[in-house]
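Single-structure report; data block below.
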Amino acid sequence: MNKEGLLLIISGPSGSGKGTVTRKLPEDVFALSISMTTRQKRGEEVDGKHYIFCTEEEFVKVREEGGLLEHASFSGNFYGTPVSYVKQKTLEGKNVVLEIEVVGALQVKEKYPEAVLIFLMPPTILELGKRLRDRGTESEDEIERRLRIAHEEMAELPKYDYLVINDDIEQALADIHAIVNVEGLKPFRGEGKVDRFYGNNVNS
Ligand code: 5GP
């Protein structure tokens, strides 16, 4: 049997580079959860890959059937994590990565205290504004709204387990790998190791 994977939540202001960083995590050990959202597709996004794009009715139906691990509204749209994928991949031993905003992240931590909350922060607020403008996918109004939300999100930073600064992507990735390694050493995740210590037959 596989050892269960970690549930990693990566939050941080819109424009902090969560998507860029998480997409560079190796697929053999990490599985990126695909969220449902009611927002419009932007830029090069692909339905079923970046998000499952849906109507408000579809979203509400899935939510009411208990199909979401967490959900939140962000800048006027709904976002939520389908629970089935997360369960399947953690049981397969993958580290499942949820790239979600703070309200949803804290819902997950409440349900699953063993989840690991990582806050990804750009080096400065000026750099955050620059990244949002440079990606050219949102209107100036939407950018202003996202920068306002960024301040609210920063206020939740103390509730996170780790802070990673995304100044340099390679360094941010190295930090995430270090977090995964150190989390794997926590005694409460070490059941298999204790079994082996006592000579019980476990094969993970
Ligand atoms: P964007 O519109 O830029 O793709 O996402 C807006 C915010 O929603 C980002 O902070 C993103 O991480 C977050 N988000 C994406 N998917 C989910 C989800 O399933 N649940 C929650 N709570 N937030 C999400």
Side-chain angles (χ1 to χ4, degrees), residues 7-25 30-56 58-63 65-87 89-90 96-112 115-122 125 128-157 159-160 163-164 166 172 176:
L7 184 52
L8 293 172
I9 319 278
I10 305 197
S11 303
S14 175
S16 59
K18 300 181 295 276
T20 314
V21 170
T22 54
R23 274 168 216 292
K24 286 193 167 228
L25 292 168
F30 292 92
L32 300 189
S33 159
I34 304 171
S35 298
M36 290 186 78
T37 183
T38 59
R39 90 148 155 71
Q40 293 293 303
K41 221 192 287 179
R42 84 182 168 216
E44 306 283 290
E45 287 177 334
V46 177
D47 191 17
K49 180 175 174 205
H50 297 96
Y51 278 109
I52 299 160
F53 293 97
C54 64
T55 62
E56 213 167 294
E58 287 165 336
F59 188 95
V60 170
K61 184 166 182 284
V62 176
R63 191 184 64 199
E65 287 168 356
L68 298 178
L69 178 67
E70 61 70 40
H71 56 88
S73 135
F74 182 95
S75 195
N77 291 298
F78 292 145
Y79 295 80
T81 303
V83 70
S84 49
Y85 180 87
V86 173
K87 281 205 173 140
K89 293 293 169 185
T90 40
V96 175
V97 179
L98 270 52
E99 188 215 308
I100 61 178
E101 53 67 70
V102 294
V103 174
L106 298 174
Q107 283 173 32
V108 179
K109 189 74 175 175
E110 179 102 19
K111 271 194 220 162
Y112 300 100
V116 181
L117 260 56
I118 303 173
F119 196 94
L120 190 69
M121 193 175 81
I125 187 80
L128 180 65
K130 180 176 179 311
R131 286 186 194 173
L132 277 172
R133 291 191 173 93
D134 285 354
R135 78 182 183 192
T137 45
E138 279 96 6
S139 65
E140 188 55 32
D141 268 5
E142 179 62 21
I143 290 171
E144 292 296 329
R145 197 170 327 148
R146 284 175 180 239
L147 287 172
R148 277 197 300 277
I149 298 173
H151 290 291
E152 293 165 19
E153 295 188 307
M154 289 295 295
E156 304 291 1
L157 174 59
K159 297 181 183 154
Y160 278 67
L163 169 65
V164 171
N166 186 19
I176 292 171

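In listed order, ligands and their atoms are each counted from 1.
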Would [X] count as being in polar contact with ligand 1, using the rule that some N or O on each side must be under 3.5 angstrom apart?
{"X": "E153", "value": "no"}
{"X": "M36", "value": "no"}
{"X": "Y79", "value": "yes"}
{"X": "H71", "value": "no"}

So [Y] and [X], do their side chains get closer than 4.5 Å, heavy atoms only?
{"X": "V102", "Y": "F119", "answer": "yes"}
{"X": "H151", "Y": "I125", "answer": "yes"}
{"X": "F74", "Y": "R146", "answer": "yes"}
{"X": "I143", "Y": "R133", "answer": "yes"}
{"X": "K159", "Y": "L117", "answer": "no"}

(message) Holding to side chain to side chain contact (heavy atoms under 4.5 Å, CB included), I want the full list of residues that pass it with E58, two or more places apart in sequence or in another chain.
(response) C54, T55
(request) Classify the side-chain pair S14/R135 by whether it contains a donor and acceptor separated by less than 3.5 Å. (result) yes
In this structure, does ligand 1 have an atom that sits under 4.0 Å from one of the heavy atoms of [X]?
{"X": "R146", "value": "yes"}
{"X": "T81", "value": "yes"}
{"X": "R42", "value": "yes"}

Looking only at protein heavy atoms, which one is nearest to [atom], and what is the separation?
{"atom": "atom 20 (N) of ligand 1", "result": "E70 OE2, 2.8 Å"}
{"atom": "atom 22 (N) of ligand 1", "result": "E101 OE2, 2.6 Å"}
{"atom": "atom 5 (O) of ligand 1", "result": "Y51 OH, 3.3 Å"}

(message) Nearest non-hydrogen contact with atom 16 (N) of ligand 1 belongs to which option: G104, S14, S35?
(response) S35
Under a 4.0 angstrom heavy-atom cut-off, which atoms of ligand 1 come close to [X]?
{"X": "R39", "value": "1 (P), 2 (O), 4 (O)"}
{"X": "K18", "value": "9 (C), 10 (O), 12 (O)"}
{"X": "A72", "value": "22 (N)"}

(request) List for me each residue that meets salt bridge (charged side-chain N to carboxylate O under 4.0 Å, His left out) alongside E65, sequence neighbours excluded, and say none if there are none. (result) K61
(message) What verdict does the salt bridge (Lys or Arg N to Asp or Glu O under 4.0 Å) test give for E142 and R42, after you've listed the backbone C-alpha separation in whole Å, the side-chain angles of each residue and the deciding distance to 0.1 Å?
(response) CA-CA 13 Å; E142 179 62 21; R42 84 182 168 216; over 6 Å; no
